Amino acid sequence: MNIERKDPLTHLMPGPPIAVLAESLFLINLMLLPGLAFVLLLLLWWRYHDHADPLVRNHLRQTVVTCIWGGGLLVSISVAIFALGGLDNPWSWVIGVLYFVLFHAGLIYLGVMGLVRAINGHSWRYPLVGPRRDD
Amino acid sequence: MQYKSQAVAMPYFIAAIGLFVGQIIFGLIMGLQYVVGDFLFPEIPFNVARMVHTNLLIVWLLFGFMGAAYYLVPEETETELYSPKLALILFWVFLVAGALTVLGYLFVPYATLAQATGNDLLATMGREFLEQPLPTKLGIVVVALAFLFNISMTMLKGRKTAISMVLLLGLWGLAIFFLFSFYNPHNLVKDKFYWWFVVHLWVEGVWELILAALLAFVLIKVTGVDREVIEKWLYVIITLALVTGIIGTGHHYYWIGAPEYWQWWGSIFSALEPIPFFAMTVFAFNMVNRRRREHPNKAAVLWALGTGVMAFLGAGVWGFLHTLAPVNFYTHGTQITAAHGHMAFYGAYVMVVITIISYAMPLLRGRAANSEKAQVLEMWSFWLMTIAMVFITLFLTAAGILQVWLQRVSDTPMSFMTAQDQVALFYWMREWAGVVFFIGLLTYLASFFVKGEAKAVAS
């Protein structure tokens, strides 16, 4: 299927809006409305996962899978640090806070890359946790 | 270089870099004083080293902003500068005043300096970042007004663009908010209240406009993306910056004796303050990702992208870390604040000034871009300084978290100095990261002197 894209040099948002929305929800889940944005992302995926545009499918699949993996790693390792180290241990806080902040910020930056790729009409694969893009 | 008068930017950039070197040397001195308390005492006491470190930062950034304006405005307005001569006179006035002030800090006891410079007539000294003697403060106002006259007159006679208007708004804001440094009420609560009008509304208000305008200018030049697209982003970013940043001043009013409602206003609005920095990151990557051409100045592109990334991390993420009132109740004034301050200043303002210098200096020297060899060295300096700053921030954050625990959370809280001893390991690691930063800065300096085949200016 040949899909015409707008010129990225003259248009503010040449990429497909659903792909942009998926990446935006990924970022909103990290920064503004954790949980709620994830539910909306799942609904978006449910509605459009077999969309005709491969870019839409790519971004939906990448964001949903990375949300699950990234969120899982973020929460489970943070909990493990405090569970193993103990809440009364200052080193649990040193390691736990630094881990959470760095991992969380890392996911945001990857989300920014995804959003930029979606806005400009390109496909994207989240490193390590993102599924292979041609699936 | 399209306009002759843009050349006046060069001495400003050179002075900025020179003062940057001085700032880092004093940073290393005080970093060592954290762990070797009597290092260089009594010649350079800690309080003096700190004052020189922070004041040099402010002054060299101002030199950078002014140089950037002198370079950018003629090109944006498509006309020569109103008075290049005035710009050069102001350069020397500002440089001499700055140098005399630093020498005063170093060689005259602060109380004597205050007495000798008329602080009893109008008391403005003794406040963090605003330690400058009265004549220096007056000098800053005169230089700023004359500078704004020059830039505004240039804009009045030329083309008006969104970028130059936003830059001018930021520069006028910078000058206007500095006037609050002359108001020093006896009531300590009011004193702090207005002191933040200068400090906060500079770095989390009007300076963000300057940052966004400079970034937008460089991105137009290096990507070739339509001005209209970039200007739309610029409007969004400055709106977000002002909406969040102005009331976000409240995060400084939590514990100074201001009404309690500031804990709500400050928490809510400053929690939103990362958003304009986030938008800047998206903006920078978005424009580079859709660029029309590969610009020969790869180093400038790298600095521009780095500004977006590091500003969000330092100002946004590390700011959010301790901005909510219930968290700030524990973290206030600890090394977590220092961690945030270091990365935010570096990411937002140091990097944007280096971005514009990196873009403009080759053009001022008659070429589109430096040689490959010089650019490789400059990119090395980027990575050395940036990675070193990440580690400085991480070590200070670790020190801060431990400090909060030992001093404020523990069932058996330690005194300030006992807690400081316990985090000394992190101060040592911070100092070594600082040494790497300094090596990066020297590498940056060296990149100006590397010869090779330079890229010609495009016709």
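For clarity, every value in this text was computed on a predicted model and none was experimentally measured. A note on names: the letters A, B, ... follow the listed sequences, proteins ahead of strands, and every chain is numbered from 1.
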Open item on the list: Is it the case that the side chains of A:Thr63 and A:Trp45 hold a donor-acceptor pair, with the cut-off being a distance below 3.5 Å and no angle test?
Closed with: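 A:Thr63 and A:Trp45 do not have a side-chain donor-acceptor pair below 3.5 Å.
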
Task: Between B:Gln335 and B:Tyr427: side-chain donor-acceptor atoms closer than 3.5 Å - done: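 Short answer, yes.
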
- [ ] Mind ranking B:Asp411, B:Leu321, B:Val309 by heavy-atom pairs under 4.5 Å with chain A and telling me who comes out on top?
- [x]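 Result: the option with the highest number of such pairs is B:Val309.
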
Open item on the list: I'd like to know which of B:Thr397, B:Ile275, B:Leu394 tops the heavy-atom pair count under 4.5 Å against chain A.
Closed with: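 Of the options given, most contacts go to B:Leu394.
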
Open item on the list: Quick check: do B:Leu215 and B:Met280 have side-chain heavy atoms less than 4.5 Å from each other?
Closed with: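 Side chain of B:Leu215 against side chain of B:Met280, heavy atoms only: contact under 4.5 Å found.
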
Open item on the list: With heavy-atom distances below 4.5 Å as the criterion, would you say the side chains of B:Val317 and A:Val101 are in contact?
Closed with: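 Answer yes - side chains close enough.
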
Structural part of [X] lying under 4.5 Å from a heavy atom of chain A:
{"X": "B:Val282", "answer": "both"}
{"X": "B:Phe320", "answer": "neither"}
{"X": "B:Ile230", "answer": "neither"}
{"X": "B:Val409", "answer": "neither"}

Open item on the list: Return the CZ to CD distance between B:Arg227 and B:Glu76, rounded to the nearest 0.5 Å.
Closed with: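 CD of B:Glu76 is found 4.0 Å from CZ of B:Arg227.
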
Task: Atom group of A:His104 that falls short of 4.5 Å from chain B, counting heavy atoms - done: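 No part of A:His104 comes within 4.5 Å of chain B.
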
TODO: Return the orientation label for the B:Phe437 and B:Tyr346 ring planes: parallel under 30°, perpendicular over 60°, tilted otherwise.
DONE: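 Plane angle over 60°, so perpendicular.
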
Open item on the list: If we define contacts as heavy-atom pairs under 4.5 Å, which of A:Leu98, A:Leu115, A:Ile95 has the most with chain B?
Closed with: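 Highest number of pairs under 4.5 Å: A:Leu98.
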
